[in-house]
Amino acid sequence: MAKSSFSFSIEDSTSNQMSLTRKHYPFPEFEPRWQQHWVGTQVFRASNPGDPDFRPGAKKYFVLDMFPYPSGDGLHVGHVEGYTATDILARYHRLKGDNVLHPMGWDAFGLPAEQYAIKTGQHPRITTERNINNFRAQLQSLGFSYDWSREISTTDPEYFKWTQWIFLQLYNAWVNPLTNKAEPISTYTGSDPDSVRLAYVSNKPVNWCPELGTVLANEEVVDGKSEVGGFPVERRPMRQWMLRITSYAERLIADLDGLEWPESIKLLQRNWIGRSEGAEVRFEIEGVDASVTVFTTRPDTLFGATYLVLAPEHPLVEAITNTGQLKAVTSYKKACSSKSDLERTDLAKEKSGVFTGAYAMNPVNHERIPIWIADYVLTGYGTGAIMAVPAHDERDHEFAVAFDLPIIPVVTTADAFEGCFCGEGIAVNSGFLNGLQTLEAKAKIITWLEEKGLGQGTISYKLRDWLFSRQRYWGEPFPIVWENGSHRALSHEELPVEPPEMEDFKPTGTAEPPLSKASEWVRYAETAQRELNTMPQWAGSCWYYLRFCDPKNKDRFISAEAEQYWMGSQGTTGGVDLYVGGTEHAVLHLLYARFWHKVLFDLGHLTTPEPFQRLVNQGMILGDDGQKMSKSRGNVVNPDEVIAEYGADSLRLYEMFMGPLEHGKPWSTTGVEGVYRFLARVWRLAMTENHEGNYILSEDLAEQELTNAQRRMLHATIKKVTHDIESLSFNTAISQMMICTNEFTTAKPRPLEALRLFLPLLSPFAPHLTEELWSRLSTKFSGFDGLASQSQWPQWNEEYLTVDEISYAVQINGKVREHITVSVSADKETVEKAIFSNPSVAAHLEGKEIKKVVVVLGRLVNIVVVG
RNA sequence: GCCGACUUGGCGAAAUGGCAGACGCAAAGGACUUAAAAUCCUUUAUCCCGAAAGGGGUGUGUGGGUUCGAGUCCCACAGUCGGUACCA
C-alpha cells in the first residue's frame, strides 16, 4: 500500500475535504450514505410465503455464502471475493424480478474465542460479540445486499436450541436396514436401542490432543497433529459421543451424482468416504474354538495368502497368543498404544510386528499359516485383520521380506514387473480359479465362499463414524443427562441447554471437560448429572442454511412452508441454488451438512435429500508475491485500507476482474488502480466538475437517439454481461463493460438512453456508484426512477446486434493472407466468388494447384494448395 | 507413492476446433499544464528484410498424433500448486 502516488495520506485522514477532492470521484461521501440507506430501509429484505408483500409469481433464488467465523483479525480479502460473487448474483436476480434470499450470519462458537478468553480473562461471549460487530460493519462497508433481518449466530440460545433439538432427532433415530432410512427409535424392536442410535456413546480410542485439552475428529487431525495449532495428538480410549455417519456412506456417495458441484470436490468426497468392494473371509484358528474374519479387496488371491495379520488392538489377540510369544506380543502392543499417531506415521517406513504363535487354516487349500500382529493393520478399517498376500500387495510383500515369510505368486501378467505385482491378470497356483481373469476369479471365489459359509462379498468404507464431542467450554452443551451410568435425552421443553456462567473455563489438565468445574450446573437432579462435553464447531454450521429460511421461528427449526419454498426443487434436486465458499470445507462441513440434511429428510422434516444444489469454490487470493497471505510474510492486504483508498466498489470490482473466480490469483495494487480509473470514467460519463470544484451533471448528456453502432455496443454488452454473470465469468463481463464505457467517453452529445441501459448492468458489481449516478440523473431526467438496486435488468434485442458486412479472413494452407469484406447475407458460392476475384488472393495462388476450399460462413475461408 | 488442478507477452488474463494475446496493469512517446498530479491520444509477443510504406518467418511448458485448420481434441513426458497417505 505504501507504493504509489498517494503521499498525502496523513493529510487525507485529518482533512476530509482534502481527501474528497483528491479522489477521482467522491465515493467517500456517497458510499456510506447508500449503505445506510439500504440497511435502514431494508431494501434487500426477502419475504416469505405468508408475508404481506410476498409475490407468489416470483421465482425464488437462494444464494448463500459460507458464513464466517468472526475472528479478531477481521474480514480478509479472501472473504470479499466469494461474498462479492454471491452479491452480484443476488443483485442480478433481484433486478430480474426474482425473490432473492441472500442472508449472512456467524459461525461463532469455537476454539480461538475460548483460547483468547483464557489468555485475557474476558468471557468469550464478549469477544465474540465485539468481533461480530466488527465483521458486520466491515461487510456493510462493502455494500453487500444481505437481508440483515435474518442475521443469525450459532451462539445465540434461540439458534442452538434447535442445534440441540436436531441432536435429539439423531439420538432418537436409527437406520432401519430394511428401508436404509432413518426412522424413530420406537420402530426398533431389538433388545438394545443404544447400540443402533444415530447418536451413540463409544469408548473406543480417540484422537486426544493434550495441548488443546480436547479430542478431535479424524478429519481434524493432519499428519498426527491437530489441524488447529499443529499440536501432537495421541490415541486413547475415552467415553465419547459419536454420530453414525457411516450408515449414510452409500447414499452420500450416490447422491453426489445429481449435484452441480465441481467434479474435483465430488471426487474428494468419494475418496474420503472410500468405498471399496471386496469380501470377508473366515479363517479357523488352530487349537482354539475361534475364527478370524478378514476383509480383502482381492479374494481372488486367497490361494496366495501365506499368513494373517491382526491389528495390535484386535480383540482376539489375547485369546490366541501362545505362552511362548506372550511377552513379545504384550510389549509390542504396549509400544504401539503409547506411540502417538505422529510417531506411528514417522516409523511407518520400517514394517514392524510380532508372531502370536498361533496358526490359522487357509479355507481354500487347508494350508497352515501363521498369525502375526502388526501396526500396519488398522483397527478401525474393515475387520481389523487381513490375509497377507505378499506376492500381490506391496505392504504384505515388504513385511514378508522383513520377517522371511513365504511368498506365493497366484496372478500372472504378460507385462514385466519388479518385486510384487498388484494389478489384474490371470489366476495361477489357485486350484479351481486357475486361468480366470481377476474379475472372474473374484466373482467365482465369492460364490464359493458364500456357498461354503466361509465368507461373503462385502463393501467397506474408509469413512468412520463422526466423533461429535469436545472437551470445551465455548460450544453447544449436549441435551443429555446421566443417571445410574446410563444416558437419557432431555425433553424438547428443556431446550435450550445454555452453558453455565463460569469465570474459569481453562482446560482441567485431565480428560475432564471444563464444564465439570461448574458443579451446580452439572447437578441436574439428586441422582442425575449433565453431560459435560460440548458439540464441535461443525454442529452449528450443519444446518444454518435452513434457519436462514425462517430465522425467527419459535416453534420449529424451520416452518414447513418456508422449507418447501426456499429449499424447494423447482425442477432440480432442490436446496440452496448457489453456495460459494473455499475448498477447505470440501470434506468436513459439506459432508457433515449433507449427513444431517439426509437424516432430517428421512425423518420427514425436510422435503429434499440434498442441501446444496450448486456449489462453487472460489480460488485463494495470494499476496502480491504470489505466496499465501500471512502475517509472517507481511503480504496481507487489509480490505479496510483498500476501501479507504479506492472505495468499496473498486475493491469489489477488482476482485472480480482479477481472473476466473475458481482460480487462485495474486493481489496487485496497481490492478486496483486500473478498475478505480474505470469507475471514475463511468462517473464522468454523467458528471463533470464546475468552476467551484463541485460535481454537476454533464452538459454533454442529452435525449439523443443512439447511433446504430452505439446501440449495437449496448445490446452486445447486455447480452455478454447477462451470459457472463450466469456462468460466473465476472472478469469478462467487466472487460465488456470497460469496452462499452470507452466507446461512450468520447461521445458528444451523450445519449441518456445509454446510461439507462448501462447503469443497471454495472449495478451488481459497483452498486454505490450506480446508485449515486441513478439518483443524480433522476433530478433532471426521466427514466431513472426509484433505486438503481430496484430497477430492471435490461433485455437485449438480437436485431440490433446484426451487421451488414463481415470481414472474412482468407487463409492459404492455414495461414492468414488477406481480409476480404463480404455482405453478411452472402452464401458459400458468393463468398468464394468474392475471394477468388480478389487480385491479391489471386497473386498468392499464382502457379499453385487448388486442392480444396473450406468456407466457414461468417468467419473465414481456407484454401488448400500444393506447388 | 496415489488422486486432482494448472502451465498463453514484462505481469493479471481473453479466445462455441476457425484471424492467439480482447480487457486491464506496467513501460515508452506525445497532447494539456509555469510545473506536477489527474485526464486524453499513440506504441508495445518475438525474430528477419526494408530508409519508409510494407512484407516474411517463429510463437500458447516439451515431444508426437487427429484435422483443411489445434491454446482448445487424443497419447506420452516435464514443471508448478493443492489434496491424501500403510484403508488391505
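Values in this document were obtained by computation on a predicted structure and should not be read as measured data. Letters A, B, ... are given to chains in the order of the sequence lines, protein chains preceding strands, and every chain is numbered from 1.
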Undergrad: Convert the base pairs of RNA chain B into dot-bracket notation, remembering that pairs crossing earlier ones are written with [ ] and that bases paired across to another strand are shown as |; include only Watson-Crick or G-U pairs under 3.5 Å.
TA: (((((((..(((.....[....))).(((((.......))))).(((((....)))))..(((((..]....))))))))))))....

Undergrad: What does nucleotides 10-26 of chain B look like as a protein-contact string, B for base, S for sugar-phosphate only, - for none, at under 4.0 angstrom between heavy atoms?
TA: --BSS-B-BB--BBSSS

Undergrad: For A:R817, report the nucleic acid contact type (base, sugar-phosphate, nothing); a contact means any heavy atom under 4.0 Å.
TA: sugar-phosphate

Undergrad: Side chain to side chain donor-acceptor pair (under 3.5 Å) with A:N838: which residues, sequence neighbours excluded?
TA: A:S840

Undergrad: Take atom C1' in B:G17 and the same atom in B:G69, then report the distance between them in whole Å.
TA: 8 Å

Undergrad: Please report the distance, rounded to the nearest Å, between CZ in A:R270 and C1' in B:C2.
TA: 17 Å

Undergrad: Supply the atom-to-atom distance A:W796 CH2 to A:L761 CG, rounded to the nearest 0.5 angstrom.
TA: 11.0 Å

Undergrad: Does A:K815 reach a base, just sugar-phosphate, or nothing at all? Heavy atoms under 4.0 Å.
TA: sugar-phosphate

Undergrad: For atom C1', what is the distance between B:A5 and B:C86, given to the nearest Å?
TA: 26 Å

Undergrad: What is the ring orientation for A:Y646 with A:Y676, classed by angle as parallel under 30°, tilted 30 to 60°, or perpendicular over 60°?
TA: perpendicular

Undergrad: Backbone N or O of A:V411 within a donor-acceptor pair of the A:H392 side chain at under 3.5 Å?
TA: yes

Undergrad: Please classify the glycosidic conformation of B:G29 as syn (within 90° of 0) or anti (everything else).
TA: anti

Undergrad: Can you measure A:E394 atom CD to B:G1 atom P for me and round it to whole angstrom units?
TA: 12 Å

Undergrad: In whole angstrom, what separates A:W372's CH2 from B:C86's C1'?
TA: 17 Å

Undergrad: Distance check, P atoms only: B:C77 and B:A22, in whole angstrom units.
TA: 35 Å

Undergrad: When rounded to the nearest Å, what value does the distance between C1' atoms of B:A13 and B:U60 take?
TA: 13 Å

Undergrad: Is A:Y381 near enough to B:A88 that one of its side-chain N or O atoms lies under 4.0 angstrom from OP1 or OP2?
TA: yes

Undergrad: What pairs with A:D700 under side chain to side chain contact (heavy atoms under 4.5 Å, CB included), at least two apart in sequence or on another chain?
TA: A:S698, A:K748, A:R750

Undergrad: Ring centres of A:Y307 and A:F403 under 6.0 Å apart?
TA: no

Undergrad: Rounding to the closest angstrom, what is the interatomic distance between B:C11 and B:G21 at atom C1'?
TA: 13 Å

Undergrad: Starting from P on B:G83, measure out to NZ on A:K462 and report it in whole angstrom.
TA: 15 Å

Undergrad: Between B:C41 and B:C32, how far is it from one C1' atom to the other, in whole Å?
TA: 11 Å

Undergrad: Which value, in whole Å, describes the distance between the P atoms of nucleotides B:U80 and B:A70?
TA: 30 Å

Undergrad: Would you please say whether a donor-acceptor pair under 3.5 Å links the side chains of A:T732 and A:D724?
TA: yes

Undergrad: By nearest heavy atom, map A:W272 and A:G380 onto RNA chain B; which one lands nearer the 5' end?
TA: A:W272

Undergrad: From CG of A:D393 over to P of B:G1, roughly how many Å is that when rounded to an integer?
TA: 18 Å

Undergrad: Looking at A:R275 and A:E277, is any side-chain nitrogen of the basic one under 4.0 Å from a carboxylate oxygen of the acidic one?
TA: yes

Undergrad: Taking atom P of B:C6 as reference, at what distance in whole Å does atom CE of A:M620 sit?
TA: 16 Å

Undergrad: When the distance from CG of A:L679 to P of B:U39 is rounded to whole Å, what number comes out?
TA: 13 Å

Undergrad: How many angstroms lie between atom OH of A:Y461 and atom CD1 of A:I459, to the nearest 0.5 angstrom?
TA: 5.0 Å

Undergrad: Please give, in whole Å, the distance from B:A38 P to A:M687 CE?
TA: 22 Å

Undergrad: Do any side-chain atoms of residues 851-865 of chain A form donor-acceptor pairs under 3.5 angstrom with protein atoms, and if so which ones, sequence neighbours left out?
TA:
from: A:N862; atom 1: OD1; to: A:G814; atom 2: N; distance (Å): 3.0

Undergrad: For A:E394, does the CD atom sit with more than 12 other heavy atoms under 6.0 Å from it, leaving out its own atoms?
TA: no

Undergrad: Report the residue from A:V389, A:I445, A:V294, A:L454 that forms a side-chain contact (heavy atoms from CB on, under 4.5 Å) with A:L302.
TA: A:I445

Undergrad: Please give me the minimum heavy-atom distance between A:Y332 and A:D375, naming the atom from each residue.
TA: OH-N, 3.0 Å

Undergrad: Using a 4.0 Å heavy-atom cut-off across all strands, classify A:L268 as base, sugar-phosphate, or nothing.
TA: sugar-phosphate

Undergrad: At a heavy-atom distance below 4.0 Å, what parts of residues 843-852 of chain A sit against RNA chain B?
TA: A:H844, A:K852

Undergrad: When rounded to the nearest Å, what value does the distance between C1' atoms of B:A88 and B:G83 take?
TA: 22 Å

